[in-house]
Structure formats: structure tokens, C-alpha cells
Amino acid sequence: MVLSSAPKETNAEAKPLYAAIYEVVRQIPFGKVATYGQIAELLGLYGRARQVGYALFQVAPDSDIPWHRVVNAQGKISRSPMRQGNDDLQRILLEREGVVFDAQETLSLALYRWSPKHSED
DNA sequence: ACGGTGACACCAG
DNA sequence: TCTGGTGCCACCG
């Protein structure tokens, strides 16, 4: 593709790091979840979980990226004023995949955490 | 350039 | 359990 115009799109293609993050997120299978720190670590970005969250923030809810399969280290959906309901959508999408939340709105990481393998795919 | 903020995580009290 | 501080670093004004 000719990038003659080079629009300032804050998309995946514009940010190699984000593209890498999205690729990992895409690996998460149906019914499984991963934590922000886990995603970061897989990319050799230990300690930079925030960037993962920021990358996902830029993903549209209707994207093909299963952004809803990423939760925090406590197994909870990170609530934020900025999300205005998308956090609820995340829970709904997860429940559609069979993920069960307890009374504390927490899911069992021991049960649903995705274990990446070399021969994924 | 700079400081505040944040879909996080970890550690000390 | 909860609070507060630290590390990380991209984004925004």
C-alpha cells in the first residue's frame, strides 16, 4: 500500500506495538480470558500492563478483536468513567461465552485463564 | 517540554 | 481487607 497520504490514524497499523498487542488478544480462545499483565509479559513488556489497557481502549466495541477477554489481575472487569457502560458490555459478552462471575463480579482466573502455547493456531 | 492521568500490577504497612 | 506509594510509559492539554 502506498502511504502517500499517511493519515494520523491511531489504529493498529499505525502502532506496531498496538498491532502486536491485538495479535496476542486475538489468540485468546472463546471462553478464555487473559490479564493485562499477561498480555504485556507475552510481548516482553513486563510491567507495562497499562499500555495494554490503553491499546484496548482504542479498539472499537464492534472490532474483530476479542477485547472483552482481557481483565485485570484480580479477575475483575476494570471499571472506568471513560467506558460508560462498555464495562457492562464486557461482562455480557463474557457471560455469552460461558464465563461465570461470582457475587463480587469476579471470574475465576484459575478456571478461565488462557495458557498460551507455542503451537497456538 | 512538562505534568497530570490512567481498561494495570506489585509491594509495604 | 484496604490504603497508599512506586514503576511503567503513552496520551493529552
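Proteins come first, then strands; the chains are lettered A, B, ... in the order of their sequence lines, and each starts at number 1.
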Any A/Tyr18 side-chain N or O less than 4.0 Å from OP1/OP2 of C/dC11
yes

What is the distance, to the nearest angstrom, from the CH2 atom on A/Trp67 to the P atom on B/dA7?
14 Å

Between B/dA7 atom C1' and A/Ile21 atom CD1, what is the distance in whole Å?
12 Å

Touch class at under 4.0 angstrom, heavy-atom based, for A/Arg50 against every strand present
base

With a 4.0 Å cut-off on heavy atoms, is A/Gly47 in touch with a base, just the backbone sugar-phosphate, or nothing at all?
base

Could you check whether A/Gln90 gets within reach of a base, just the sugar-phosphate, or nothing at all, counting any heavy atom under 4.0 Å?
base

Could you tell me the separation between the CZ atom of A/Phe57 and the C1' atom of C/dC11, rounded to a whole number of Å?
10 Å

Closest listed nucleotide, where the reference is the side chain of A/Tyr46 and the choices are C/dC8, B/dC8, B/dC10:
B/dC10

Examine A/Arg50 relative to A/Tyr36 and say whether NZ or CZ is less than 6.0 Å from the centre of the six-membered ring and inside a 45° cone about the ring axis.
no

Euclidean distance, atom CD of residue A/Glu41 to atom P of C/dC9 [Å, nearest integer]:
15 Å

Quick one: A/Gln58 CD to C/dC9 C1', roughly how many Å, whole number?
14 Å

Rounded to whole Å, how long is the line connecting atom CG of A/Leu43 with atom P of C/dA10?
14 Å

A/Leu56 CG to C/dA10 P, in whole Å, measures 16 Å

Are the charged groups of A/Asp88 and A/Arg83 less than 4.0 angstrom apart, N to O?
no

Is it true that A/Glu97 and A/Lys32 make a salt bridge, defined as a side-chain N closer than 4.0 Å to a carboxylate O?
no

note: A/Arg83, atom CZ; B/dG6, atom C1'; distance rounded to Å ~ 13 Å

Looking at B/dA7, I'd like to know if its phosphate oxygens (OP1 or OP2) sit under 4.0 Å from a side-chain N or O belonging to A/Ser80.
yes

Could you tell me if A/Arg69 and A/Gln90 have a donor-acceptor pair between their side chains, going purely by distance under 3.5 Å?
no

